[in-house]
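Reviewing the structure listed below.
The basis for the numbers below is simple: all heavy atoms, side chains too, and nothing from hydrogens, waters or symmetry mates. Whatever order the structure lists them in is the order used to number ligands and atoms, beginning at 1.
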Amino acid sequence: QGLGMPHLGVPRTQHGEMAVSITKWVDRWTPSPILALARARPEVLTYVAQQEAIQQNLTIGLTVFAVGRYLEKYLARFLETAEQHFMVGQRVVYYVFTERPAAVPRLPLGPGRRLRVERVLRERRWQDVSMERMRTLHAALGGRLGREAHFVFCMDVDQYFSGAFGPETLADSVAQLHAWRYHWPRRLLPYESDPRSAAALAPGEGDFYYHAALFGGSVAALRRLTAHCARGQQQDRARGLEARWHDESHLNKYFWLHKPAKVLSPEFCWCPEIGRRAEIRRPRLLWAPKEYTLVRD
Ligand code: 2GW
Ligand code: MN
């Protein structure tokens with residue numbers, strides 16, 4: 001797709017026709033005024049995506065889990081910076097999943113934005129906290145979240161927004177290139193390799209390595225994704241297995257079998273510890289520093 005980066009423009013959805021099909025124009029690798037404009041001024045395409053989303057009156061969900069100490073440590077900053085940068089000007093509904101609803105910070109929210117808190121049980125193992133998200137999300141997408149949102153992003157809480165993250169990121173299914181791994185040769189990517197696991201990729205399989213800290217899409221597509229991952233995890237557990245990178249391994253298997261409609265550049269979920277890279281100009285989300293001794297007990 002166009003621009004060397006297939007990530008611009010809002011695709012057609014069941015929620016209404018697009019006003020302007022930017023992707024259709026730039027897809028053809030022909031010189032055109034739009035293409036020249038898009039190269040010189042990418043913010044114009046971002047602006048068009050914003051207008052399209054407003055015209056379609058989209059509601060965009062953002063789910064995040066904050067269980068145990070992750071609530072105090074990360075949630076307030078995640079939400080405060082989301083207010084500044086996530087889908088500004090759109091209708092947004094945050095879904096916070098926690099075992100302590102009363103401890104969720106009550107932030108002042110911008111117009112058209114609301115926060116819902118859902119109670120979850122606290123798993124004993126952290127691997128289960130992370131993996132159980134797939135099952136919980138599947139249920140939520142089949143309930144109120146699925147009825148009130150058109151598109152949903154599912155994110156880790158241990159990160160914060162640092163730049164505009166708008167409707168140019170929307171598509172039927174959206175995957176995030178992993179900041180540490182996007183330039184690695186395929187044979188080194190840490191896919192699950194045990195053939196008994198539902199998440200296994202055979203040697204020679206796999207293309208990109210995606211980061212489970214951020215994925216998204218339409219409600220219907222995310223229902224399929226979360227069902228697949230939750231089922232795979234359940235099957236592994238029944239066999240006494242656990243995939244190498246937990247839910248992330250199952251997510252990578254899913255996106256190998258069902259290619260994402262949009263792949264986000266590592267700018268959209270960047271790790272500041274990597275340092276400067278020429279291709280990373282404007283990070284949108286940054287990984288928060290981890291203090292393993294504090295949280296991994
Ligand atoms: C997780 C690990 C160790 C100790 C605590 C937790 C933990 C995670 C927790 O105590 N409370 C909690 O709410 N979580 C949620 O799970 C939270 O939303 C967090 O962002 C998410 C994933 O855990 P996290 O961020 O510590 O894992 P990462 O940053 O090492 O993430 C990647 O790998 C994970 C699987 O190992 C997941 O696939 C994750 O999506 C990836 O980004
Ligand atoms: Mn994380």
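- Salt bridge status for R100 with E72: present, with a side-chain N to carboxylate O gap under 4.0 Å.
- For a threshold of 3.5 Å applied to N or O pairs, the pair formed by W126 and ligand 1 contains no separation below that value.
- Classification of the H211-H178 ring pair by plane angle, with boundaries at 30° and 60°, yields tilted.
- Distances below 4.0 Å separate heavy atoms of E248 from the following atoms of ligand 1: 38 (O), 41 (C).
- Ranked by closest heavy atom to atom 36 (O) of ligand 1, the top entry among Q127, Q176, R122, H246 is H246.
- Ligand 1 places these atoms under 4.0 Å from at least one heavy atom of V129: 8 (C), 11 (N), 12 (C), 14 (N).
- Around the CZ atom of R196, the shell of radius 6.0 Å holds no more than 12 heavy atoms that belong to other residues, nucleotides or ligands.
- Within ligand 1, counting atoms from 1 as listed, the ones closer than 4.0 Å to a heavy atom of D247 are 35 (C), 37 (C), 38 (O), 40 (O).
- F165 does not carry R284 over the face of its six-membered ring by the limits of under 6.0 Å from the centre and within 45° of the normal.
- Contacts between V157 and ligand 1 below 4.0 angstrom, taking non-hydrogen atoms only, involve backbone and side chain alike.
- Residues E279 and Y182 bring a donor and an acceptor atom of their side chains to less than 3.5 Å of each other.
- Residue contacts with ligand 1: R133 is placed with a nitrogen or oxygen under 3.5 Å of a nitrogen or oxygen of the ligand (distance criterion only).
- If you check each of L75, N252, D156, L214 against atom 31 (O) of ligand 1, the one with the closest non-hydrogen atom is D156.
- Using a 4.0 Å cut-off between charged side-chain N and carboxylate O, R122 and E132 make no salt bridge.
- Between R281 and E267 there is no salt bridge, since no side-chain nitrogen of the basic residue lies less than 4.0 Å from a carboxylate oxygen of the acidic one.
- The pair E242-R237 does not meet the salt-bridge criterion, since no charged nitrogen lies less than 4.0 angstrom from a carboxylate oxygen.
- Within ligand 1, the atoms closer than 4.0 Å to a non-hydrogen atom of A213 are 40 (O), 42 (O), numbered from 1 in the order shown.
- Close approach to A66 involves these atoms of ligand 1, each under 4.0 Å from a residue heavy atom: 13 (O).
- Checked by atom type, the side-chain pair R186/Y209 shows no donor-acceptor distance below 3.5 Å.
- Using a 4.0 Å cut-off between a side-chain N of Lys or Arg and a carboxylate O of Asp or Glu, K259 and D207 qualify as a salt bridge.
- Using a 4.0 Å heavy-atom cutoff, K290 is listed among the residues neighbouring ligand 1.
- Within D156, the N/O/S atom positioned nearest the Mn ion (ligand 2) carries the name OD2.
- Ligand 1 lies within reach of A212, whose nearest heavy atom is under 4.0 Å from it.
- Salt-bridge annotation for D156 and R133: present, with a side-chain N of the basic residue lying under 4.0 Å from a carboxylate O of the acidic one.
- Each of the atoms 22 (C), 34 (C), 35 (C), 37 (C) of ligand 1 lies under 4.0 Å from some heavy atom of S130.
- For M155, no nitrogen or oxygen atom sits less than 3.5 Å from a nitrogen or oxygen atom of ligand 1, counting backbone and side chain alike.
- Set against the non-hydrogen atoms of W245, the atoms of ligand 1 under 4.0 Å away are 35 (C).
- Counted by atom type alone, E248 and Y191 present zero donor-acceptor pairs between their side chains at under 3.5 Å.
- Heavy atoms of V64 stay at 4.0 angstrom or farther from ligand 1.
- In this structure, R69 does not count as a contact residue of ligand 1, since none of its heavy atoms falls inside 4.0 Å of the ligand.
- With a 4.0 Å heavy-atom cut-off, ligand 1 is reached by the side chain of Y70 but not by its N, CA, C or O.
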